[in-house]
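Within every chain, numbering begins at 1; the chains are lettered A, B, ... in the order of the sequence lines, protein sequences first and strands thereafter. Both backbone and side-chain heavy atoms feed into the values below; hydrogens, waters and symmetry mates do not.
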2 protein chains.
Amino acid sequence: MPLDLIPVPTTASAACCSPAPGPTMDATDAERTARTLKALADPARLRLLSIIAAHDGGEACVCDLTEPVGLTQPTVSHHLKVLAEAGFVTREKRGVWAYYTLVPDAVRALTAHLGAHLLDGPGA
Amino acid sequence: MPLDLIPVPTTASAACCSPAPGPTMDATDAERTARTLKALADPARLRLLSIIAAHDGGEACVCDLTEPVGLTQPTVSHHLKVLAEAGFVTREKRGVWAYYTLVPDAVRALTAHLGAHLLDGPGA
DNA sequence: CCGAGGCATCGACGGATGTCGATGTTGACA
DNA sequence: TGTCAACATCGACATCCGTCGATGCCTCGG
């Protein structure tokens, strides 16, 4: 595109609309990070993770979780599935019970990723 | 409800359904944290924050943000409002332009809060 | 005083999400 | 083998959320 076709802002008094000095988060990364954050952005799921983390060994079965959060068993199962798909917990079936275990590295990876892009960003 | 009406699990072979050893995140805190996380759990808002953080001084005006994210101006304005209400950015109007500034402490507070409840939880 | 431009708000629409009851699946035990 | 219990899946519903076009507000320049 010819540069002389771009209208020069003759009345632009101050310096505004600079393109973006440093590199920013690309669309793919933003989508992945947003999906991971969505898994955490729910009161029930936060409480479930907190209860699991409070248990010895960082694991708990569904029957430990249904009553404290005040939701039905299918709903709790659904939330645990969301957390598992996001990588925050792993599922292990022992006999009749299903034990969910916290994955601390998933939490650490998320917080580190946010910090890298928003705090110690390459542009700062 | 009379306790003797509760059927005793005579066949409960293993130890399951323990109440919860350590203290967990209460409902109010979970709701507040979830609301803050929801503000971040969107690809457009993550990119907006990233672009703002990449600018010098951690501030940018709306005209800097509309084109990179590929959304209309009203949509960008809406996302910025969500981010401002969650405390991640502050708005300052200079002349005709509105400058949004990143609040790093908001990001740090969130990640620290998550870590405190899910990693170095009081029960671990 | 009037026009232009940057930004916020409004109203509406489609899609995603949380919740439930009902049902299926699977393992333990008699 | 049949029954019970724990958990997952399904279908349905209400609600929330992201997006847009249209419009209003406010500031600057003429």
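Residue T75(B) places no side-chain N or O under 4.0 Å from the OP1 or OP2 atom of dT19(D). Look at K93(B) and you won't find any side-chain N or O under 4.0 angstrom from OP1 or OP2 of dT27(D). A sub-4.0 Å separation between OP1 or OP2 of dC20(C) and a side-chain N or O of T72(A) is present. Between Y100(A) and dA6(D) there is no side-chain N or O to OP1 or OP2 distance below 4.0 Å. Considering only side-chain N and O atoms, R45(B) lies under 4.0 angstrom from the phosphate OP1 or OP2 of dG18(D). For R91(B), no side-chain nitrogen or oxygen approaches OP1 or OP2 of dC7(C) to under 4.0 Å. Between dT19(D) and H79(B), a contact under 4.0 Å exists linking OP1 or OP2 to a side-chain N or O.
Taking only side-chain atoms of W97(B), from C-beta outward, the nucleotide of dT19(C), dC7(C), dT9(D) with the closest atom is dC7(C).
Counting heavy-atom neighbours within 6.0 Å of E67(B) CD, excluding the residue itself, gives a total of 12 or less.
The residue among K38(A) and A98(A) whose nearest nucleotide of DNA chain D is located toward the 5' end is A98(A).
Taking 3.5 Å as the limit, the base of dA6(D) and the side chain of Q73(A) contain no donor-acceptor pair of atoms between them.
In this structure, the CZ atom of R35(B) is 13 Å from the P atom of dC16(D), given to the nearest Å. One atom, CG of D64(B), and another, C1' of dG6(C), lie 12 Å apart when rounded to the nearest Å. Rounded to a whole Å, the CG atom of L80(B) is 15 Å from the C1' atom of dT19(D). Rounded to an integer number of Å, the gap from E92(A) CD to dG27(C) P is 14 Å.
Of the possible donor and acceptor atoms, none in the side chain of R45(A) sits under 3.5 Å from a partner among the backbone N and O of L83(A). Looking only at distances, a side-chain donor or acceptor of H55(B) sits under 3.5 Å from a matching main-chain atom of I51(B).
Between C17(A) and C63(B), the gamma sulfurs sit within a distance below 2.5 angstrom.
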